[in-house]
2 protein chains.
Amino acid sequence: MSGRSEQIAATICEAILGHRLKPGAKLGERDLADIFRVSRIVIRQALIRLAEDGLVTVERNRGAFVAKPSLAEAIEVFETLTMVEQGVIAQLGNRPRMSLLTELRANIERQKAALGQGNEQLAGEFGLEFHDLLVSLTRNRVLIELHAQLKRRARLLESLYRCDFDHCQLCDEHEHLVALFDRRQWAKAQQLLDEHYRLVARGYRIEDEIVPSQPLHLAFNPPAPEKPAEESAGSKTAVIAARYRPNGKSSHRIKGDA
Amino acid sequence: MSGRSEQIAATICEAILGHRLKPGAKLGERDLADIFRVSRIVIRQALIRLAEDGLVTVERNRGAFVAKPSLAEAIEVFETLTMVEQGVIAQLGNRPRMSLLTELRANIERQKAALGQGNEQLAGEFGLEFHDLLVSLTRNRVLIELHAQLKRRARLLESLYRCDFDHCQLCDEHEHLVALFDRRQWAKAQQLLDEHYRLVARGYRIEDEIVPSQPLHLAFNPPAPEKPAEESAGSKTAVIAARYRPNGKSSHRIKGDA
DNA sequence: GAAGCAGGATTGGATATCAATTTATTTGGA
DNA sequence: TCCAAATAAATTGATATCCAATCCTGCTTC
């Protein structure tokens, strides 16, 4: 279960998905070893795990970097997510697990409530959760893990491309999707899901300037207790960040070194 | 070209997929290090890669073993393959790449020819290739790699459960599938694909006695002529889950040994 | 025969060291 | 000054050796 390299990989993963480490950032073995108070070998093992997961790229004799997917690859990730979930919908027809649609409906209600309060961040999280729930309906752990991996790669994209979502429409489409499930119109549901992900993908725009990630030690050591220690605001990203933070709550806790 | 651990992982992977290493076989670090003439650390890194890929399980303080999926997990792997390819079919509708169906047709012809010559092994390989080609139609590398990983896990199952495929029917279904593509009957095609994979899964039977894998050094140094067919065919086989076996009729029984 | 203990074997990890390669710096020249 | 070659520094890939923790085995003891 434990295993130092596994924990460290998880911590680095959180830092990447939390956008505290930006794509392209160098992940030096020595630096990480010093930060985590561990030997280089453990770091290498953690980096190998992350590379197998697609979050890190290792270039021989050059080191490891946070993955920096091209726009083409980003599109492929979303298309793959689309296809996987379309496959789930196709299977839904074979399984009379319709009782579980109540979970999807409950999620939609939660998202609506969040939107009603203007909490777009929370609404966004519920929006992601909807797709998790959809996949969970299959009760297929292999698929669920696969989907989770794809979602990690998608979250990585958020820090590379600026995103701008119309949560209201996304939520409406979720509702429409469930209605189609209810009527067992699977082909239409698949078509809608495809359009849904295209809408999501349209929310991503190329960022003309990549904000460099903060120094490594700041990415892992929880910032000062009182100071949020946000990145040096310089580009439009700061504006976007503010827009997504109506209530200013962005607590991502990190397991420091043990 | 890259690191030593990557090559070694590939070699071990081949040995597993070639059924020279059976599920449950112990992969001792010291033994492998001696065989490959590298340090234990390189072996550990290779084992980590394989574990991330799902072909090896690492138990803390106990060591690494060739993965030994449960029947439930085996079913999940096939269901996941089904869903991924159903998703591909759903996408096929959006892309007018129908010209590429010729590749599928060519594959079917090759398989038919192999069947005509009674070369069931070759026919089996073409049968697998069909699904690769189907996925390749998307030109989506993320999906293709994901599908390849699932296929590796499926091939691992072949050495755990005895398999008996009716290649004639499988080939017929491929042909029927392409015909449905041609008529753009995607929903029907998805349904057929589901039945197709259920037929494949029915070909797997529980082997009550696992043949132990040969010693490690023999698995990697294939000094002997290519004669790994050392199976004691005298074991009773139990019927796989009833869910996947509504009717147990099969005309062409082939030992699926790749 | 069952419980429990000691010892061996194996894994997980640390440290020190070295070669190969990349990156940075300095020097040299036009 | 600016570009290019040569050299120095830093980083990675890998090895060997060592040590602690854990697991397995076999033996002893009751």
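Order of the sequence lines fixes the chain letters, A, B, ..., with proteins taken first and strands second; residue numbering starts at 1 for each chain.
Leu50(A) has its side chain out of reach of Leu27(A): every pair of non-hydrogen atoms, C-beta onward, lies at least 4.5 Å apart. Side-chain contact between Ile8(B) and Leu32(B): absent, with no pair of heavy atoms (C-beta onward) separated by less than 4.5 Å. The closest side-chain heavy-atom distance from Arg30(A) to Arg40(A) is below 4.5 Å.
When distances are taken from the side chain of Arg4(A) to each of dT12(D), dG13(C), dT15(D), the shortest belongs to dG13(C). Here the nucleotide nearest the side chain of Glu29(B), chosen from dT15(D), dT11(D), dT11(C), is dT11(C).
Rounded to an integer number of Å, the gap from CG of Asp34(A) to P of dT15(C) is 11 Å. Remark: C1' of dG12(C) and CD of Gln45(B) are 13 Å apart, rounded to the nearest angstrom. One can place CG of Leu27(A) at 14 Å from P of dT11(D), the figure rounded to the nearest angstrom. Computed from coordinates, the Lys26(B) NZ to dT10(C) C1' distance equals 6 Å when rounded to whole Å. Taking atom CZ of residue Arg44(A) and atom P of nucleotide dT11(D), one finds them 14 Å apart after rounding to whole Å. The separation between Ile43(B) atom CD1 and dA14(D) atom C1' is 12 Å, rounded to whole Å. We find that CG of Asp31(B) is positioned 13 Å from C1' of dT11(C), with the value rounded to whole Å.
For the residue pair Leu55(B) and Arg152(B), the shortest heavy atom distance occurs at CD2-O, 4.0 Å.
For residues 67-88 of chain A, the pairs satisfying ring-ring contact (aromatic ring centres under 6.0 Å, His included) are Phe78(A)-Tyr204(A), with sequence neighbours left out.
A salt bridge between Asp132(B) and Lys151(B) is present, with a side-chain N of the basic residue lying under 4.0 Å from a carboxylate O of the acidic one.
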- Would you give a per-nucleotide map of nucleotides 17-25 of chain D, 5' to 3', where B means the base has a protein non-hydrogen atom under 4.0 Å away, S means only the sugar-phosphate does, and - means neither? -----SSS-

